[in-house]
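Below is one structure, written out as structure tokens; the observations come after it.
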Amino acid sequence: MKIYQVGGSVRDEIMGRTPHDIDYCVVGSTIDEMLSLGYQQVGKDFPVFLHPETKQEYAKKSTVKDIIIKALRSALLGSSPCLITGACP
């Protein structure tokens, strides 16, 4: 299992700003593994989990390739800065 910081917090750090909302993406894990580690599943249509201690949100993706494809699609459509951050709709 690998965990990546994604979204606006990455952009903020690149721009020298203090991030206020940090999002994480989990790759290479199963829902069962996340649950066994104490994460609480809160997403129904998309697997989102709350960290057992910090309660921050962790979204599960199947592969890094999924993140890159969505980032490229979104960047080409000009809808967000996710090419850098990986946080894509």
Side-chain angles (χ1 to χ4, degrees):
M1 172 170 65
K2 293 185 180 182
I3 298 173
Y4 298 92
Q5 181 181 339
V6 298
S9 65
V10 175
R11 177 203 58 230
D12 290 346
E13 288 181 5
I14 290 171
M15 297 178 73
R17 300 177 186 162
T18 301
H20 298 286
D21 180 32
I22 300 175
D23 299 311
Y24 297 96
C25 181
V26 178
V27 178
S29 181
T30 64
I31 291 174
D32 289 338
E33 180 182 20
M34 297 289 291
L35 294 173
S36 73
L37 292 171
Y39 288 82
Q40 176 186 358
Q41 187 171 0
V42 294
K44 294 177 184 165
D45 297 327
F46 184 78
V48 176
F49 297 83
L50 297 180
H51 188 278
E53 295 175 15
T54 66
K55 303 303 181 201
Q56 288 183 304
E57 290 186 356
Y58 286 68
K60 183 185 168 314
K61 281 288 197 181
S62 57
T63 65
V64 174
K65 183 178 88 176
D66 292 343
I67 299 169
I68 294 169
I69 288 171
K70 288 188 178 194
L72 290 172
R73 186 197 94 227
S74 185
L76 290 172
L77 296 175
S79 60
S80 77
C82 73
L83 182 61
I84 294 172
T85 65
C88 305

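- When all heavy atoms are compared, the tightest approach of G38 to P52 is O-CB, 3.3 Å.
- Scanning both residues, L50 and K55, for their nearest heavy atoms gives CD2-O, 3.4 Å.
- Side chains of M1 and L37 form a contact here, defined as non-hydrogen atoms less than 4.5 Å apart.
- With sequence neighbours left out, Q41 forms a side-chain hydrogen bond (donor to acceptor under 3.5 Å, both in side chains) with no residue at all.
- Going from atom OH of Y39 over to atom CD of E57 covers 13.0 Å, rounded to the nearest 0.5 Å.
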| task | Begin with the C-alpha distance, continue with both residues' side-chain angles, and end with the deciding distance and a verdict on side chain to side chain contact (heavy atoms under 4.5 Å, CB included) for M34 and V26. | result | CA-CA 9 Å; M34 297 289 291; V26 178; 3.8 Å; yes
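- For E33, the side-chain hydrogen bond (donor to acceptor under 3.5 Å, both in side chains) partners are S29, not counting sequence neighbours.
- If you look at Y24 and Y58, their ring centroids are closer than 6.0 Å.
- Inter-residue side-chain proximity for F49 and L35 is flagged as met; some heavy-atom pair is nearer than 4.5 Å.
- To the nearest 0.5 Å, the span separating NZ on K60 from OG1 on T30 amounts to 7.0 Å.
- Applying the side chain to side chain contact (heavy atoms under 4.5 Å, CB included) criterion to P19, with sequence neighbours excluded, gives S9, D12, E13, I22.
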